[in-house]
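Owing to the predicted nature of the structure, the values given are computational and were not obtained by experimental measurement. Only this structure's heavy atoms are used, side chains among them; waters, hydrogens and symmetry mates stay out.
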Amino acid sequence: MTHPITVVSLGPGPREYLTLGAVEALKKAAYVVLRTGLRCPAADYLLTIGISFETLDHLHDTCEDFDELIRKAADFLLSRAEETDVCYAVFDAAADETVKALAARADITVIPGVPLSAPLLAAAPRQDKIEIQTASSLEVTGTQNPLLILECDSRMLAGQCKLQLLQWYGPDQTALFFPPADAPRREFLSIPLCDMDRQKKYDHTCALLLPALSLTDRQRYDFYDLKRVMDVLRGENGCPWDKEQDHRTLRPYLIEEAYETAAAIDEEDWDHVAEELGDVLLQVVFQAKIGSQTGTFELSDVTTAICQKMIRRHRHIFGGGQCETAEEVHRNWEKIKKEERGFTTQGEALQAVPPGLPPLLRAEKVQKKASDVGFDWPSPSDALQKVREETDEAAECLAENSPKRLEEELGDIMFSCVSLARKQGIDPEAALHRATEKFISRFCAMEKAILQAGKRWEGLTLSEMSLYWKGSKQCPRG
């Protein structure tokens, strides 16, 4: 049976930061362990008031990396707790990684104390909405708020942090560096960020404070920066064009940006893809800002709806369901969708495919839903035979000079072609796009040959054009 484990916070270092609760817990403890005694100014004071302890300094010296130290610290404490009650003392229980690892493996009681950040924030110029992280677990996601990085305890760790920070801040960005100190009052130096790992000394009391950056001073932006940009553009002193837009006026841009993104993906130009996806994301944030101003919906409604949908439809990940293959996931997705929408027939699922989709895409989606219940051609050759049947019927319409019926038969031909493409795993939209690009390329090659021959379109018959067209097929596509 494991005995109780209590964690106390010693504070930033000097004994002045010890709380009465921490001292009382340490005095009552049967067995006390300090994460470090060598680097803890309060350790000597604890000895003078009769509190003996063991330390984990040997782990700091022998572990190859921080992950190993965390794991072995938890192992050590749990092994001691098998024999007696344990009181584990760290600088700041709320920020200590070994405490987090211990809490994941055992029930612990934490007695809070003065956080490591307290004397640093007291010494620094006043800041609002400060984000506080430790150097060993630093994860920079934005520059909207001031960032205080605690426990920069080595030059190597400071260098690792700098590499991550330089993705968001310029090398000359002014930062406040707090050098090692064991006194209650802290001092800081103003340094360029690039000098973060070039200071004289480091220990666990070292820290770095970076300011929040204005929108125009940032070199990297995140999602919330985009939201802020839109707040400004739609604000009182914002852009006249942006302020005039509404949900409907933006609708064409959303479609256009989606197609431009698809084109960039086809080109495999990933910088261009990132740019176009930014345009798509802008449309989402733009619509959400209009929604918040007009009362239709908020950005949080958008993110909530999609997160809830993804969790509901991935029961095999977030629930008790099980899917082993992508095909099983697809079937489960469609089943859950029908349940959500209250569909009782497959026809309702077909009717729910949005009419506003591009016709080829809508045809493909309708066919897939029909295929879900087995209504589909057995093979691609059967689908091809249907294409031939429809072209024969179109030929009859031409012979009969029946334009209205011909329109219907042409629709059937295209619908059948979509079916053939789907059976072969071909995207009909992409296939038509490539065919159009091929036509443009060959037409340009044909025109170039005509002009090089000293001729003009106006003087050519269709038969002569056909000869140049055949020649264009031999030209490499650019």
Shortest non-hydrogen contact between [X] and [Y], atoms and distance:
X      : Y      : value
Leu116 : Pro12  : CD2-CA, 3.6 Å
Trp377 : Ser419 : CD1-OG, 3.2 Å
Ser472 : Ala445 : CB-CB, 4.0 Å
Lys386 : Ser416 : CG-OG, 3.5 Å
Val285 : Lys227 : CG1-CA, 3.9 Å
Ser117 : Leu148 : CB-CD2, 3.7 Å

What I want to check is whether the side chains of [X] and [Y] have a donor and an acceptor closer together than 3.5 Å.
X      : Y      : result
His433 : Glu429 : no
Glu82  : His3   : no
Ser137 : Glu97  : yes
Asn145 : Gln127 : no
Tyr88  : Thr98  : yes
Arg220 : Gln167 : no
Gln346 : Lys338 : yes
Gln367 : Asp376 : no

[X] and [Y] ion-paired at < 4.0 Å:
X      : Y      : result
Arg341 : Glu348 : no
Lys162 : Asp197 : yes
Lys423 : Glu364 : no
Arg331 : Asp372 : no
Arg80  : Asp85  : no
Lys368 : Glu334 : no

Is the number of heavy atoms from other residues, nucleotides or ligands under 6.0 Å of [X] [atom1] greater than 12?
X      : atom1 : result
Asp107 : CG    : no
Lys470 : NZ    : no
Tyr253 : OH    : no
Lys365 : NZ    : no
Asp65  : CG    : yes
Arg251 : CZ    : no
Glu407 : CD    : no

State, yes or no, whether a side-chain contact exists between [X] and [Y] at a heavy-atom distance under 4.5 Å.
X      : Y      : value
Leu138 : Leu147 : yes
Lys72  : Glu68  : yes
Thr109 : Pro4   : no
Leu208 : Leu176 : no
Val33  : Cys87  : no
Asp269 : Val273 : no

Salt bridge (charged side-chain N to carboxylate O under 4.0 Å, His left out) test vs Glu339 passes for just one of Arg315, Arg313, Arg312, namely Arg315

Verify, without hydrogens or angle tests, whether [X] (side chain) and [Y] (backbone) share a donor-acceptor contact under 3.5 angstrom.
X      : Y      : value
Tyr221 : Leu215 : yes
Ser441 : Glu437 : no
Glu408 : Lys404 : no
Thr261 : Glu257 : yes
Asp382 : Ser379 : yes
Gln173 : Gly170 : no
Gln219 : Tyr169 : yes
Thr19  : Ala22  : yes
Asp225 : Asp222 : yes
Arg105 : Ala74  : no

Worked verdict on Asp153 versus Tyr202 for side-chain contact (heavy atoms from CB on, under 4.5 Å)
CA-CA 5 Å; Asp153 60 9; Tyr202 297 87; 5.7 Å; no

Mind telling me whether Trp469 and Phe439 have parallel, tilted or perpendicular rings, with 30° and 60° as the class edges?
tilted

What orientation do Phe318 and His314 show, parallel under 30°, tilted 30 to 60°, or perpendicular over 60°?
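Taking His314 first and then Phe318, their aromatic rings stand perpendicular (interplane angle over 60°).
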
Are Tyr259 and Glu256 close enough, and set up right, to give a side-chain contact (heavy atoms from CB on, under 4.5 Å), and what steps lead you there?
CA-CA 5 Å; Tyr259 273 107; Glu256 177 183 337; 6.0 Å; no

Leu210 and Leu165: side-chain contact (heavy atoms from CB on, under 4.5 Å), yes or no, with the steps?
CA-CA 10 Å; Leu210 286 153; Leu165 292 166; 3.6 Å; yes

Sub-6.0 Å ring centroid separation between His247 and Phe286
no

Stepwise, does the salt bridge (charged side-chain N to carboxylate O under 4.0 Å, His left out) test hold for Glu340 with Lys309?
CA-CA 10 Å; Glu340 291 173 354; Lys309 178 189 292 185; over 6 Å; no

Using the rule side chain to side chain contact (heavy atoms under 4.5 Å, CB included), only one of Val110, Val90, Leu102, Val7 pairs with Asp96; which is it?
Val90

Just distance, no hydrogens or angles: give the donor-acceptor pairs under 3.5 Å from side chains in residues 300-307, sequence neighbours left out.
residue : atom : partner : partner atom : Å
Asp301  : OD2  : Glu298  : N            : 2.7
Thr303  : OG1  : Leu299  : O            : 3.3
Thr303  : OG1  : Ser300  : O            : 3.2
Thr304  : OG1  : Ser300  : O            : 2.6

